[in-house]
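Note that these values count all heavy atoms, side chains included, but never hydrogens, waters or copies made by symmetry. Just so you know, these numbers come straight off a predicted model, no measurement behind them. Chain naming here is simple, since letters A, B, ... match the order of the sequence lines and numbering starts at 1 in each.
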Protein chains: 2
Amino acid sequence: MSEALRQFKSAIFQGLAHPTRIAIVELLREGELPAGKLIEQLGLEQANASQHLAVLRARQIVVSRKHGNQVYYSIRDRALIDVLEILRHYFYSQLSGAMNMLREVEAETPEPHHRTIQS
Amino acid sequence: MSEALRQFKSAIFQGLAHPTRIAIVELLREGELPAGKLIEQLGLEQANASQHLAVLRARQIVVSRKHGNQVYYSIRDRALIDVLEILRHYFYSQLSGAMNMLREVEAETPEPHHRTIQS
DNA sequence: CTTGTATATTCGAATTTTCTAATATACAAT
DNA sequence: ATTGTATATTAGAAAATTCGAATATACAAG
């Protein structure tokens, strides 16, 4: 695989490499939404939301459509939604692994005795 | 979806958000390989490769196994390979879109006249 | 035990990303 | 024209990532 293609692929991963952008994409799964709704639902700063949307636009992950005063965002390629759906299974299997790790760590760490302020 | 889960998801995307790490994962699709082979195949600096492998390990994308002098790496969850395979279709559809864009840009940009040094 | 080989870690500089605050733009409504 | 609302962009600081150079660790071979 060419270096250019690898750059391209990693750029798309990078587009999704932030919790806020994941949240935006997940919200858009149902269909298009104006930027304002995204901001409201996610409790974001306006400027910050706009910057993250710019990243998603630059990576061609979303497209925008202006109507009147508002800008409506939607996922550009519906295939991405399928991809995310498939990833969900992966995430959950990873997650259960991660939780197992957590449990192991907890088991190894001796439960600290409950102490009063004086002890 | 919880913030924690979004962080987790974005962490995995971030793990793949670098051309070198994409290259590593692609090489590991066939099966496990020692770090040295990865370095050799990709022409990487030893330290740099090791750092990228550390990122992939931290994200639980790969696992390592020590045998004698060498450390063998493999993809932790085969499901990731399927995921990448599915993503391939997405990448190509995106790529053809990108190439169309390029062609349009080229069409708009007037072909510069071929000039000699004197002109 | 010394040497060689494979890999990992640390350090500091360079780059990139992310954030907030401020400002700009675009359009609607009056 | 002016004002209000929605969104984007800019600027600069803070944080995170990436890199090469140097060093450390782990193991094998002699």
Per [X] side chain, nearest of listed nucleotides [options]:
X       : options                : answer
B/Arg59 : C/dT18, D/dA21, D/dT17 : D/dT17
A/Ser50 : C/dA21, C/dT9, D/dA8   : D/dA8
B/Leu53 : C/dA8, D/dT9, D/dC19   : C/dA8
A/Gln70 : D/dA6, C/dC19, C/dT9   : D/dA6

Send over the distance from [X] [atom1] to [N] [atom2], rounded to a whole Å.
X       : N      : atom1 : atom2 : answer
B/Phe13 : C/dT17 : CZ    : C1'   : 18 Å
A/Leu16 : C/dT18 : CG    : P     : 12 Å
A/Leu38 : D/dA8  : CG    : P     : 10 Å
A/Gln7  : C/dT16 : CD    : P     : 11 Å
B/His18 : D/dT18 : NE2   : P     : 5 Å
B/Arg65 : C/dT7  : CZ    : P     : 12 Å
B/Ile39 : D/dG20 : CD1   : C1'   : 14 Å
A/Tyr72 : C/dC27 : OH    : C1'   : 14 Å

With a 4.0 Å cut-off on N to O distance, would you call A/Lys9 and B/Glu26 a salt bridge? yes

Assess whether one donor atom and one acceptor atom, taken from the side chain of B/Gln46 and the base of D/dG20, lie less than 3.5 Å apart. no

Please confirm whether any donor atom in the side chain of A/Gln51 sits under 3.5 Å from an acceptor in the base of D/dT7, or the reverse. no

Check the phosphate of D/dC27 against B/His67, side-chain N and O only, distance under 4.0 Å to OP1 or OP2. Yes or no? no

Answer yes or no: does a side-chain N or O of A/His52 lie under 4.0 Å from OP1 or OP2 of C/dC19? yes

List the atom of A/Gly15, the atom of A/Leu56, and the distance in Å for their closest heavy-atom pair. O-CD2, 3.6 Å

Smallest separation among heavy atoms of A/Ile81 and A/Arg29, with atom names: CD1-O, 3.9 Å

So if you build clusters from Ile, Leu, Val, Met, Phe, Trp, Tyr with side-chain heavy-atom gaps below 4.5 Å, do A/Phe13 and B/Val55 land together? no

Hey, does [X] reach any base, or is it just sugar-phosphate, or nothing, if we go heavy atoms under 4.0 Å?
X       : value
A/Asn69 : base
A/Ala47 : base
B/Tyr73 : sugar-phosphate

Does a donor on one side chain and an acceptor on the other come within less than 3.5 Å for A/Asn48 and A/Thr20? no

Does a side chain donor of either B/Arg65 or B/Tyr73 reach within less than 3.5 Å of an acceptor in the other side chain? no

Mapping A/Ser64 and A/Gln14 to their closest nucleotides on DNA chain D, which lands nearer the 5' end? A/Ser64

Could you say whether A/Gly68 or A/Thr20 is positioned toward the 5' end of DNA chain C, judged by the nucleotide with the nearest heavy atom to each? A/Thr20

